[in-house]
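Worksheet: one structure, shown below.
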Amino acid sequence: MGMSAPETSFALVDCDQFYVSCERLFNPHLCGKPVVVLSNNDGCAISRSPEAKALGVQMAAPWFLMQDLAKKHGIIALSSNYQLYASMSNKCMAVLREYSPRVEVYSIDESFLLLDGLSPLWPDMTTMGHDIRRKVQTWVGLPVGVGIGPTKTLAKLANHLAKKRPVYKGVCDLQSMAPDEAEQIYASLPAGEVWGVGYRITEQLGRMRIHTVQDLRNASQKSLRQQFGVRMERTLAELHGISCIPLEDVASARKQIVSSRAYGERVTALKEIEESVTMYAARTTERLRRQRSTCAAVHVFVETDRFRTDEPQYNNGRTVPLPEPTDDLRVITKAAMWGLKKVFRLGIKYKKAGLMLMELSEGGRHQGTLFDSGVSEMSSAPLMQALDAINQRFGKDTLRLASGLGQHRWTARFDMVSQRYTTNWNELPLAR
DNA sequence: TCTGGGGTCCTAGGACCC
DNA sequence: TCTGGGGTCCTAGGACCC
């Protein structure tokens, strides 16, 4: 009798075209039509409906280049609404936590679930996968795919199969397959589909005649390690079912916090850049406090338009050490303004500016007032519209949507009986 | 003429992820 | 005219130390 190794198992649950799916939930007229969600300044398409993908809209495609295509096929383009997506994401994650006590929220639309010890609860894990799909669809209204495997890398790959190959109907469990069946699938997948194998490495692998996932699995561990480093070595082990990337279900504090934005129009005046950097200081400091950290250095940077290759480029940044670790907005803003003056040059057309909080440490001293500028005066109109749409769609008595705006938590409530909105503004408990 | 060996810390750059 | 924003980790090389 052979002892079977205690095998660990992961699921990756990921929402299809997350941003577009959220928008469709609030506006069902968008269903079945080509839809894209755009990035800041309506720059790039960052989420595409299947219909838009079929028309050839690529991920991160510059939207101004798609105008003809959009007009011709009636592609609907929407500006992004992150507060809404974050809210929907939380709802999804709450459903997933009913399936496993160990959930790692990997991104706004993806979670890893540790499945160890759960198999007695289900006839098989594919059944569980379909149950997850059904429940998220019913309770939250969003379509998800489920991939299952003995490592996170294989669960990711399985998730890709679940979404791309109709035969799986949205759930793919690599662990339920016979080894030769799995190998056939690996031989049909390009190596670039593997988590951690990006554009550059795919190119290099191609030159080594490594084209498919199966080719990669058959490659020599030593030579991969030598050419690509320890991360690739780990990826290889994971492809062989040896789990070496653990579940991180305790969210760790950020090591750096960035806020930056490209300007809609190019900017030449210091004053305007100062205004935006003041905003970035407030945003980053809020996040800093939310995770109860302090920072010991502030990095401010400015850039010209990198796409205007016909014009001279200027990229500069300055790291300003702080006298002591702090989360005081006044100190951080002051340091940022000082650094900005050091990198600002007259006569340059700036396209982008940003701020990074560095050398973060957890705990530490929290002091001062968090907000002294007008960041909280964001428009609540889009949120109101969204709330309206949710109510129309679900017809419930009341629905609540909370959002952090500046130093306040804003909660809107819609009462279907009285047909009235009520809003609450609460002080956000950031400082201890 | 000859020009060690071992260690740490820091930074820039590269690659990846969503 | 118009091209996103926010992260992580690893490595190589230089400075510096004894």
Side-chain angles (χ1 to χ4, degrees), chain A residues 12-19 36-48 57-68 70 77-82 85-86 89 104-112 152-153 156 159-160 191-205 224-235 238 244-245 248 251-266 276 279-280 283-284 287-288 291 296-297 299 301 303-311 315 317 319 321 349 351-360:
Chain A
L12 179 70
V13 184
D14 149 303
C15 184
D16 309 329
Q17 318 94 42
F18 181 58
Y19 297 166
V36 298
V37 172
L38 303 176
S39 64
N40 172 45
N41 291 330
D42 292 344
C44 298
I46 51 173
S47 183
R48 308 155 292 152
V57 180
Q58 300 292 312
M59 185 59 182
W63 190 239
F64 76 93
L65 294 176
M66 304 269 111
Q67 291 309 301
D68 291 345
L78 306 168
S79 298
S80 44
N81 184 349
Y82 287 100
Y85 309 149
S89 175
E104 171 186 344
V105 178
Y106 178 66
S107 75
I108 193 162
D109 71 332
E110 275 178 78
S111 271
F112 286 104
K152 284 166 106 177
T153 302
K156 264 273 201 189
N159 180 275
H160 172 80
E193 290 300 337
V194 174
W195 192 36
V197 179
Y199 170 73
R200 304 274 165 179
I201 290 178
T202 304
E203 271 189 346
Q204 292 186 61
L205 288 174
L224 284 183
R225 163 76 201 239
Q226 205 164 29
Q227 180 155 5
F228 301 103
V230 65
R231 294 163 72 103
M232 182 58 106
E233 192 181 25
R234 269 202 290 262
T235 296
E238 290 243 320
C244 38
I245 304 174
E248 289 170 39
S252 48
R254 294 270 162 271
K255 295 172 178 172
Q256 58 185 45
I257 297 173
V258 183
S259 183
S260 69
R261 209 70 55 191
Y263 297 117
E265 285 170 20
R266 288 186 293 169
S276 55
M279 282 236 306
Y280 307 151
R283 283 192 198 133
T284 51
R287 278 186 265 159
L288 182 75
Q291 69 169 33
H299 182 80
F301 60 92
E303 291 173 12
T304 45
D305 190 342
R306 64 194 168 100
F307 294 102
R308 292 297 298 265
T309 46
D310 54 321
E311 290 184 1
N315 299 312
T319 305
K349 296 175 186 163
K351 179 65 182 177
K352 184 177 182 177
L355 186 73
M356 190 190 318
L357 305 187
M358 304 169 70
E359 293 176 46
L360 271 45

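Model, not experiment: these values are computed from the prediction. The sequence lines fix the lettering, A, B, ..., with proteins before strands; numbering per chain opens at 1.
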*Can you check the A:Q227 CD to C:dA12 P distance for me, whole Å?*
13 Å
*asked:* For A:A60 and A:V230, find the nucleotide of DNA chain C closest to each by heavy atoms; which residue's nucleotide sits nearer the 5' end?
replied: A:A60
*Looking across every strand, which nucleic acid part, if any, lies under 4.0 Å from A:D42 by heavy atom: base, sugar-phosphate, or nothing?*
nothing
*Look at the side-chain N and O atoms of A:R266 and state whether any lies under 4.0 Å from the OP1 or OP2 oxygen of C:dT3.*
no
*Which is true for A:F228 with a 4.0 Å heavy-atom rule: it touches a base, it touches only sugar-phosphate, or it touches nothing?*
nothing
*Taking OP1 and OP2 of C:dC10, is either one under 4.0 Å from a side-chain nitrogen or oxygen of A:R225?*
no
*How do A:S39 and A:R287 order along DNA chain C: which one's closest nucleotide is nearer the 5' end?*
A:S39
_Under 4.0 Å, counting only non-hydrogen atoms across every strand here, what does A:I201 touch: a base, just sugar-phosphate, or nothing?_
sugar-phosphate
_C:dG6, OP1 or OP2 - any side-chain N/O from A:S260 closer than 4.0 Å?_
yes
*Just to confirm, is there a sub-4.0 Å distance from OP1 or OP2 of C:dT3 to any side-chain nitrogen or oxygen of A:K351?*
yes
*Looking at side-chain heavy atoms only, is the closest gap between A:L360 and A:K255 below 4.5 Å?*
no
_Classify A:I257 by what it touches in the nucleic acid, base, sugar-phosphate, or nothing, heavy-atom distance under 4.0 Å._
sugar-phosphate
*Does A:S107 put a side-chain nitrogen or oxygen below 4.0 Å from OP1 or OP2 of B:dC17?*
no
*Judged by atom type as modelled, is there a donor-acceptor pair below 3.5 Å linking the side chain of A:K351 to the main-chain atoms of A:Y263?*
yes
*Return no unless some side-chain N or O of A:R231 is found under 4.0 Å from OP1 or OP2 of C:dT11.*
no
